[in-house]
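The structure under discussion appears below in the form of structure tokens.
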2 protein chains.
Amino acid sequence: MSIRNPKQALYEQFAVVAKALGHPLRLEMIEHLAQGARSVEALAAKLGQPVANISQHLQALRRAGIVVAERDGKFVHYSLADASVLSAFAAVRSVAERQLAEVDRIVRGYFDARDDMRPVSRDELQALMRDGLVTLIDVRPADEFALGHVPGAINVPLGQVKAWSADADACREVVAYCRGPWCVMSFEAVAALRSLGHAARRLEDGMPEWKAAGLPVEVVG
Amino acid sequence: MSIRNPKQALYEQFAVVAKALGHPLRLEMIEHLAQGARSVEALAAKLGQPVANISQHLQALRRAGIVVAERDGKFVHYSLADASVLSAFAAVRSVAERQLAEVDRIVRGYFDARDDMRPVSRDELQALMRDGLVTLIDVRPADEFALGHVPGAINVPLGQVKAWSADADACREVVAYCRGPWCVMSFEAVAALRSLGHAARRLEDGMPEWKAAGLPVEVVG
DNA sequence: CTATCATTCAATCATTCCATTGAATGACGA
DNA sequence: TCGTCATTCAATGGAATGATTGAATGATAG
């Protein structure tokens, strides 16, 4: 609450709005309110959340000037403050969708209508590794690999996949993994390997899920 | 990192982007990067911030897909990921500016070309109060009033200004204050009072600044 | 190979945010 | 006036965020 110069004050005002948009529940609430005004209870029911929680999020949105409240008897109906809210929502979404779109593009470009775009499950991978049937590569940057990786995995950062594959046994199947189901890196690695004639598949998800499943993790150092 | 349904995952992805925009420094960084690529050091110098701080914020922006990094010798140049970032920034800004615009609108609509739109300074207010020449009203909600207000102020939440003024001495000048220089409430209160024939002025800023100036504060309870 | 410089990492502490619970408020109907 | 119901407030604890410091990394120049 100290004295700020006008420029900082402006950026702070903008940040208040963006911060209010920075929560999945609030975004979902905005999308519902875009359909029309809703009472707190109605919103809570739609989202399957406790009423008090929704009430607090609504007030956060109201403080940011994103929604407005109107009392009607014992109900308070909330609605979007104006059309600019929807364009802000859409703009944020389009930034976010660029990355998801990237996944889509890669999947569709390289895998659609091909033999086997089915990912390898964690159980399946463990069996394959135990029998020595596949080479497992971790295509994340070296630092992330060092922090923890699947035992037996080789670190081949995405940029080095092509070079690595030149020296690799072309007949041996490769399984690639990265940060998680939404991460593009393992998609790209598999695409690159396949285009070079290697048999390659993806692990269904990435390191965080592996660790979360209570499976063993190897750490460098 | 637990398993989410696809819908939640989407909203979370959107929230990551919005959250990355939710910091004044990052917004300022984006505006600079909109001019063209910048090294970490160059940005830090522009914003007068420690390099490490800027580096961390840049990585937050990169994780959200808002900026991209490109190494060039021993410099890393950051730039905006694509044009959609700028439209998201603009959209957030336009939501935020609605409120600032509201201040402008009110100021221009009610005060321009009128006698006395000059706000009351803190020193002036203290003198007026000491001599008993004005009634001081705090137009914030009751809870904020209770947490601390200017000694001698009466709490008249914005919605009750009209009703309150009916019983007030119409010849006595009123001074209104609220949360701060950017807050619309005291503007609205003064506008309402003037339209009802009362003499009314605004305190130059609000409670936080009053407290920050080391002036006495009265607390309820 | 070593020194240097841009950048990033790691660790700390203070602050803020979030979900949950139970109590308080405010308006309506009997 | 009293009970009921929608909403909000208040308080708690746990998690994430932000600023700062100093050390580590990675690339270039000598």
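Per chain, numbering begins at 1; letters A, B, ... match sequence-line order. Nothing here was measured: the structure is a model prediction, and the numbers come from that model.
If you check C:dT20, C:dA6, C:dC9 against the side chain of B:Gln56, the one that comes closest is C:dC9. You'll find that the side chain of A:Tyr78 is closest to D:dT8, out of D:dT8, C:dA6, D:dT7. Here the nucleotide nearest the side chain of B:Gln49, chosen from D:dT7, D:dT20, D:dC9, is D:dT20. In the set D:dT8, D:dA27, D:dA6, the nucleotide with an atom closest to the side chain of A:Glu41 is D:dA6. When distances are taken from the side chain of A:Lys19 to each of D:dT7, C:dC9, C:dC17, the shortest belongs to C:dC17. Taking only side-chain atoms of B:Ala52, from C-beta outward, the nucleotide of C:dT8, D:dT8, D:dA6 with the closest atom is C:dT8.
Here B:Arg26 lies in heavy-atom contact (under 4.0 Å) with sugar-phosphate atoms only.
A salt bridge does not link B:Glu12 with B:Lys19: every distance from a Lys NZ or Arg NE/NH1/NH2 to an Asp or Glu carboxylate oxygen is 4.0 Å or more.
Rounded to whole angstrom, the span from the CZ atom of B:Arg38 across to the P atom of C:dT7 amounts to 13 Å. If you measure from atom CD1 of A:Ile54 to atom P of D:dC9, you get 16 Å, rounded to the nearest angstrom. What separates CZ of B:Phe75 from P of D:dA27 is a distance of 14 Å, to the nearest Å. Nucleotide D:dT20 holds its P atom 10 Å from the CG atom of B:Leu25, rounded to whole Å. For the pair A:Lys74 NZ and C:dA24 P, the computed distance is 20 Å after rounding to whole Å. At whole-Å resolution of the value, CG in B:Asn53 and P in C:dA6 are 18 Å apart. Taking atom NE2 of A:His77 as the reference point, atom C1' of D:dT7 lies 12 Å away to the nearest angstrom. Computed from coordinates, the B:Gln59 CD to C:dT8 P distance equals 5 Å when rounded to whole Å.
Annotation: side chain of A:Met29 is in contact with side chain of A:Leu61 (closest heavy-atom distance under 4.5 Å).
With DNA chain C read from its 5' end, the first of the two nearest nucleotides for A:His23 and A:Asp72 is the one closest to A:His23.
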Salt bridge (charged side-chain N to carboxylate O under 4.0 Å, His left out) assessment of A:Glu31 paired with A:Arg93: CA-CA 12 Å; A:Glu31 204 154 62; A:Arg93 189 174 54 195; 3.5 Å; yes

